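This report refers to the structure that appears directly beneath it.
Bear in mind the structure is a predicted one, so any value in this text is a computation, not a measurement.
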Amino acid sequence: KDEKAVAFVEKNFPGGKVENRKEIMQAIGEWLEPAENTAVQSIADVKSQDHWRTLNPKKLSQTRTFVLGNGMKAEVTVTPGVYFDGEGKVEERYAMTSYELAGPHGIEDSQSFTGASGMMTRVENFLSRVMDRVKMTEKLIANQQKQIGSLEAELKKPFEQAKELD
């Protein structure tokens, strides 16, 4: 599974880079700002923590899917949130942004982010790590095989304290 994911990323996102990065960021940015404003406006009437508890922020969320190319897509979600002071009164209303990345060969990731460029940076960093994961696994396997070889050599040596145990 990992080898297929790595091969896919190496072929379609060399160096972890998304080909149409600027255009995708622009599309996300154009959708994101109004969606964040709408999220905050949707909770404008929340005055207390008790009132907030009666709401379901997920029902107030907005989601849109953005195609990153080559079978990869990011589902971006904007969810309203509220900070309260120590007395349970509204201190700040805000919008939380997150994405869920999905692609072939089990490629998936989800993170929160700030701004369209922040999201693209996180996606590209993730794609870069996909390639690194197999390289790290190969190094780990090579190290384990060396250790097995050393242990097998130790097993073949005679046990020096065997006479003392008899």
Residues that Ile141 engages under side-chain contact (heavy atoms from CB on, under 4.5 Å), provided they are two or more places apart = Thr137, Gln145
Between CE on residue Met119 and OG1 on residue Thr97, distance to nearest 0.5 Å = 9.5 Å
query = What are the two closest heavy atoms between Pro34 and Trp31, and how far apart are they?
reply = CD-O, 3.4 Å
message = Could you measure the distance from the OG1 atom of Thr54 to the CD atom of Gln49? Nearest 0.5 Å is fine.
response = 12.0 Å
query = Is there a side-chain contact between Val123 and Phe66 (heavy atoms, below 4.5 Å)?
reply = no
request  = Please check if Val46 and Leu60 belong to a single hydrophobic cluster, counting links between Ile, Leu, Val, Met, Phe, Trp and Tyr side chain heavy atoms closer than 4.5 Å.
outcome  = yes
request  = Specify the closest pair of heavy atoms between Ile28 and Ala116, including all atoms of both residues, with the distance to one decimal.
outcome  = CG2-CB, 3.8 Å
query = Who passes ring pair (Phe, Tyr, Trp, His ring centres under 6.0 Å) against Phe126, sequence neighbours left out?
reply = none
inquiry  = Please enumerate all residues that pass salt bridge (charged side-chain N to carboxylate O under 4.0 Å, His left out) together with Lys146, with sequence neighbours excluded.
reply    = none
remark   = Sorted by chain and number, sequence neighbours left out, side-chain contact (heavy atoms from CB on, under 4.5 Å) with Gln147 holds for Asn143, Gln144
Distance-only donor-acceptor hits, side chain of residues 19-27, under 3.5 Å, sequence neighbours excluded:
residue: Arg21; atom: NE; partner: Glu124; partner atom: OE1; Å: 2.9
residue: Arg21; atom: NE; partner: Glu124; partner atom: OE2; Å: 3.3
residue: Arg21; atom: NH2; partner: Thr121; partner atom: OG1; Å: 3.3
residue: Arg21; atom: NH2; partner: Glu124; partner atom: OE1; Å: 3.4
residue: Gln26; atom: NE2; partner: Glu30; partner atom: OE2; Å: 3.0

request  = Kindly write out the residues that satisfy salt bridge (charged side-chain N to carboxylate O under 4.0 Å, His left out) with Asp50, not counting sequence neighbours, or none if the list is empty.
outcome  = Arg53
message = Under a 3.5 Å distance rule, please check whether Arg93 uses its side chain to pair with a backbone N or O of Ile43 as donor and acceptor.
response = yes
inquiry  = Show me the pairs that pass ring-ring contact (aromatic ring centres under 6.0 Å, His included) and involve residues 9-29, at least two apart or across chains.
reply    = none
remark   = Residues passing the side-chain hydrogen bond (donor to acceptor under 3.5 Å, both in side chains) test with Arg122, sequence neighbours excluded, are Gln111
ask   = What heavy-atom pair brings Leu127 and Val9 nearest, and what distance separates the two atoms?
value = O-CG1, 3.6 Å
task = Could you note down all residue pairs passing salt bridge (Lys or Arg N to Asp or Glu O under 4.0 Å) where residues 149-162 supplies at least one of them, sequence neighbours left out?
result = Glu154-Lys157
Would you be so kind as to tabulate the donor-acceptor pairs closer than 3.5 Å made by side chains of residues 69-92, with sequence neighbours excluded?
residue: Asn70; atom: ND2; partner: Asn12; partner atom: O; Å: 3.4
residue: Thr77; atom: OG1; partner: Thr63; partner atom: OG1; Å: 3.1
residue: Thr79; atom: OG1; partner: Ser61; partner atom: OG; Å: 2.9
residue: Asp85; atom: OD1; partner: Glu87; partner atom: N; Å: 2.9
residue: Asp85; atom: OD1; partner: Gly88; partner atom: N; Å: 3.0
residue: Asp85; atom: OD1; partner: Lys89; partner atom: N; Å: 2.9

